[in-house]
Amino acid sequence: MKSLFAIILLALAATVQAQGAPERAKRPNVIVILADDLGFSDLGCYGGEIQTPNLDRLAQGGVRFSAFYTSARCCPSRASLMTGLHPHQAGVGSFATAEPEAGFGPAYVGHLLPTCVTLAEILGDAGYSTWMVGKWHMGVPGPIDRGFQNYFGFRDFLAHSEDQWTPDKYVRLPADREPEHEIQPGAFYATDVFTEYALEFLNQARAQDRPYFLYLAESAPHFPLQAPREDVDRHMATYRRGWDVLRAERFARQKALGLFPADAALPPRSMVPVDRDDVANGFPGQPNPAWDSLPEDRREDLARRMATFAAMVEHVDAGVGRILEDLRKHDDLDDTLIFFLSDNGACYEWGPFGFDGRSRDGRTTLHVGAELERMGQPGTHHAYGSGWANLCNTPLNMYKHFCHEGGIADPLIVHWPDRIKAAGAWRSDPSHLMDVVPTVLEAAGAAYPKTRDERAVTPVEGVSLLPAIDGELLPERALPFEHQDARGLRRGRWKITWGKRQPAEPTWELYDLRNDRSERRNLAAEKPDLVKELAGEWESWARRVGCKPFAKPDASADGASRSPRIDGRPLKIAATVRADAPHGVVVAQGGRQHGYALHFIQGRPAFDVRIDGRVTRLIAPDAVRGDVALSASLDVEKMSLSVNGGEPLVGPSPGLIPVQPLDAMDVGFDSRTAAGDYEPPNPFNGEIIQTRVAPAEPKGDARRGR
């Protein structure tokens, strides 16, 4: 009997393995640690003077990438990191917001689209436990609704920064979970609390006896610059030396590390972007000033800002050290795949003197005496400005917000002792945030899904970096970028960049990054054909992912960006589309209270009318494909839907839409609340050739809607 029982167990195990469940030993734990606004050269292992011994050891045991790219802003980068897509494909092409940019399509809705899938969702489906700590910043829905089973972090999912000292800004989810840590008044410092929760989550994950995925999304060293006073004080002597001396020293260390050639020259200081004179501190369109040209009290104020930034980085590093020690203690380190990276280049906001208070105000105060000593402490709010950002990006050009190297090139450390053999090596392959998802999935033996919850998923755009980690060269590909009018594309050694906030009208610039990583010699005039070729490649990508300036729909005879008056008016709607398997919104106007939508449900045309929150629907019985002509109508007595000129479906009318909806008309998606019975923005997956919405003038009591 025992032999028979053993045979049965072996057979069951073989069946499970045959069905594709990888063995535990072959499925690494995964930890992704994302810093916020950390510059290209801030870490010691990338040349910085900031003491980061734990991250330096992580680099010594792993590999570092020298040409790793992000978006130029935090929220698009996070969307790309979590989905393996360009940020526009994920819905966060510009910024996380509850108010989508009207008329610019699903690429700018300001939250993760339902057509994308997150790394947490994929790994959760594959049997991993999923944990997140820190800053979400990808809109609503938040982390629990997008695959994370446990979360501690920003209470506001739209927030780009929070006060490090204020516990009320943070929350533990799900809501029925008790907080792991009771924070005493005056003892809360967010970066350190993030570490405590990361350690607690790791302990809970181990108890589940399955591989885990931990995403630690730090909010440091993003402004407001805040750190314990004693840590800030330790750095003052260093930063009183100024950004010019420290840039030269960083660059010398970078050359010694092999990051740049020994004969490379340190470029001049980067330009202060053009902005209001008070925002740019009197230097718009000019280079950052020489440190020695500034008055002593201004230098002391600036040194305090950068000393606080350095202290914040050191707290991040200390937290990494505690996590690594915990992994060693539990024999998890060797089979844990760890990524450490930043979300964009160093933040210049706004001029060389930084700002105080709300960033959009651009207000800068000179702090002296007791106010100088209080900088970085509870109740204060400061940023360090473009001069220090230029140091933090040494030797790259420009900053966060821009698609020059200083805005989108960042450190990436990958650590996985069970896989990495060339510990301490550099990898120069141009790579991107969207590559993290396919890298993790290959390591975990999981596949990027084609559908999830019966919804088609946008195919992954990134590639696995495991071959590069192993020392193989990745195939050459184009890496395009766009953020709020800044543009760029790198292919091999060549890069084109389109600037903004500069003295001259922007045009495409061309740089040979193999010989000019600092983007100092614009070769556009010498190689116009190459510029045209690369610009065409960028434009093709921009059209494909729906990014500006090609995002605005141009399918309505009376202008997609204009919303016709539909209150109390009979409606006639027509559209012509093209798709192999049409799905999503063709045209919609209104939202959760009142509106209409002409859309497809898995190939079947549908016409929805919503009045007082209730949806009345007509839906065609059969799916269609290819070129499809739709027409729909609504009057007081009936509503109708016709497909390709066929016999119309007719149903009783719910009445005319009684009031003019607040939500504007959209073509190709539904940007805010849903006018129809679907989850917005429900983007259309094909080509919209033409739409037309023709309201009639109201007559008599028709305006009442019934």
Here the gap from His160 atom NE2 to Arg78 atom CZ, rounded to the nearest 0.5 Å, amounts to 11.5 Å
Taking side-chain hydrogen bond (donor to acceptor under 3.5 Å, both in side chains) as the criterion, tell me which of Lys548, Arg73, Arg501 meets it with Gln484.
Arg73
As a quick check of understanding, evaluate side-chain contact (heavy atoms from CB on, under 4.5 Å) for Tyr197 and Met132, giving each step before the final call.
CA-CA 9 Å; Tyr197 268 90; Met132 180 182 170; over 6 Å; no
Decide yes or no on side-chain contact (heavy atoms from CB on, under 4.5 Å) for Val436 and Leu81, but give the supporting numbers first.
CA-CA 6 Å; Val436 172; Leu81 173 66; 3.8 Å; yes
Sub-3.5 Å donor-acceptor pair from the side chain of Arg490 to the main-chain atoms of Gly492, do we have one?
yes
Under 3.5 Å, side chain of Asp277 to main-chain N/O of Pro284, donor-acceptor pair present?
no
Under a 3.5 Å distance rule, please check whether Asn393 uses its side chain to pair with a backbone N or O of Ala346 as donor and acceptor.
yes
Is the His401 ring parallel, tilted or perpendicular to the Tyr348 ring (thresholds 30°, 60°)?
perpendicular
Flag side-chain contact, heavy atom, 4.5 Å: Leu479 against Met434:
yes
Begin with the C-alpha distance, continue with both residues' side-chain angles, and end with the deciding distance and a verdict on side-chain contact (heavy atoms from CB on, under 4.5 Å) for Thr118 and Leu112.
CA-CA 9 Å; Thr118 70; Leu112 292 181; 3.9 Å; yes
Looking at Arg305 and Ala383, would you say the former's side chain and the latter's main chain have a donor-acceptor pair under 3.5 Å?
yes
Can you tell me how the ring of Phe251 sits relative to the ring of Phe260, calling it parallel under 30°, perpendicular over 60° and tilted otherwise?
tilted
Check whether any side-chain heavy atom of Cys392 sits under 4.5 Å from a side-chain heavy atom of Met306, and report yes or no.
yes
Main-chain N/O of Tyr46 paired to Gln254 side chain as donor or acceptor, under 3.5 Å
yes
List the atom of Ala198, the atom of Leu214, and the distance in Å for their closest heavy-atom pair.
CB-CD2, 4.1 Å
Exactly one of Trp131, Phe157, Phe213 should register a ring-ring contact (aromatic ring centres under 6.0 Å, His included) with Phe148. Which one does?
Phe213
4.5 Å side-chain heavy-atom contact, Trp243 and Pro289:
yes
Output field: ring centroids Tyr511/Trp494 closer than 6.0 Å:
no
Ser270 and Asn397 side chains, donor-acceptor separation under 3.5 Å
yes
Calculate, to the nearest 0.5 Å, the distance between atoms CZ and CG belonging to Phe339 and Leu465 respectively.
7.0 Å
Under 4.0 Å between a side-chain nitrogen and a carboxylate oxygen: does that hold for Asp42 and Arg250?
yes
Are side-chain heavy atoms of Trp136 and Arg146 found at a separation under 4.5 Å?
yes
Run the side-chain donor-acceptor check on residues 404-413: report pairs under 3.5 Å with partners two or more places apart or on a different chain.
| unit_1 | atom_1 | unit_2 | atom_2 | d |
| --- | --- | --- | --- | --- |
| His404 | NE2 | Glu509 | OE1 | 3.2 |
| Glu405 | OE1 | Tyr69 | OH | 2.8 |
| Glu405 | OE1 | Arg517 | NE | 2.6 |
| Glu405 | OE1 | Arg517 | NH2 | 3.2 |
| Glu405 | OE2 | Tyr69 | OH | 3.1 |
| Glu405 | OE2 | Lys495 | NZ | 2.8 |
| Asp410 | OD2 | Thr70 | OG1 | 3.0 |

Do Arg477 and Ser431 have side chains that approach each other closer than 4.5 Å (heavy atoms only, starting at C-beta)?
yes
From the options Glu482, Glu539, Glu461, select the one residue that forms a salt bridge (Lys or Arg N to Asp or Glu O under 4.0 Å) with Arg544.
Glu461
Is a side-chain N or O of Ser161 found less than 3.5 angstrom from the main chain of His222, in a donor-acceptor match?
no
Hey, is the main chain of Cys347 close enough, under 3.5 Å, to the side chain of Asp37 for a donor-acceptor pair?
no
Are the charged groups of Arg276 and Asp278 less than 4.0 angstrom apart, N to O?
yes
NZ or CZ of Lys169 within 45° of Phe154 ring axis and under 6.0 Å
no
Hey, what do you get for OG1 (Thr195) to NE2 (His315), rounding to the nearest 0.5 Å?
10.0 Å
Can you confirm whether Pro76 sits close enough to His483 that some side-chain heavy atom of one is under 4.5 Å from a side-chain heavy atom of the other?
yes
Here the gap from Glu49 atom CD to Leu43 atom CG, rounded to the nearest 0.5 Å, amounts to 11.0 Å
Could you tell me whether a side-chain N or O of Ser80 sits under 3.5 Å from a main-chain N or O of Leu85, the two making a donor and an acceptor?
yes
With a 4.5 Å cut-off on side-chain heavy atoms, are Cys74 and Lys135 touching?
yes
Output yes when a side-chain donor or acceptor of Gln164 lies under 3.5 Å from a complementary backbone atom of Thr191, and no otherwise.
yes
Could you tell me whether Arg520 atom CZ has more than 12 heavy atoms of other residues or ligands within 6.0 Å of it?
yes
Is the distance between the ring centroids of His382 and Phe353 under 6.0 Å?
no
Do we see a donor-acceptor contact under 3.5 Å between the side chains of Ser77 and Asn344?
no
Can any side-chain N or O of Ser219 pair as donor or acceptor with the backbone N or O of Gly134 at less than 3.5 Å?
no
Centroid-centroid distance, His432 to Phe481, less than 6.0 Å:
yes
Least distance between heavy atoms, Leu433 atom then Ser71 atom
CD1-N, 4.0 Å
Grab the two heavy atoms, one from His137 and one from Leu158, that are nearest each other, plus how far apart they are.
CD2-O, 3.3 Å
OG1 (Thr115) and CD (Glu679) are apart, to the nearest 0.5 Å, by 9.5 Å
Taking the six-membered ring for Trp, are Trp538 and Trp498 closer than 6.0 Å centroid to centroid?
no
Using ring centroids (six-membered ring only for Trp), state whether Phe309 and Tyr239 fall under 6.0 Å.
no
Which residues pass the side-chain contact (heavy atoms from CB on, under 4.5 Å) test with Ser66, not counting sequence neighbours?
Leu259, Trp426, Ser428
Nearest heavy-atom neighbours spanning His235 and Ala307:
CB-CB, 3.6 Å
Would a 4.5 Å heavy-atom cut-off, applied to side chains only, mark Cys547 and Tyr108 as touching?
yes
Do you know which two heavy atoms are closest between His415 and Leu58, and how far apart they sit?
CD2-O, 3.3 Å
Which pair of non-hydrogen atoms, one from Tyr399 and one from Ser386, has the smallest distance, and what is that distance?
CE2-O, 3.5 Å
Distance col, row Gln226:CD vs Thr380:OG1, nearest 0.5 angstrom, shows 5.0 Å
Give the C-alpha distance, both sets of side-chain angles, the deciding distance and a yes or no for side-chain contact (heavy atoms from CB on, under 4.5 Å) between Arg493 and Asp512.
CA-CA 6 Å; Arg493 67 191 292 179; Asp512 177 1; 2.8 Å; yes
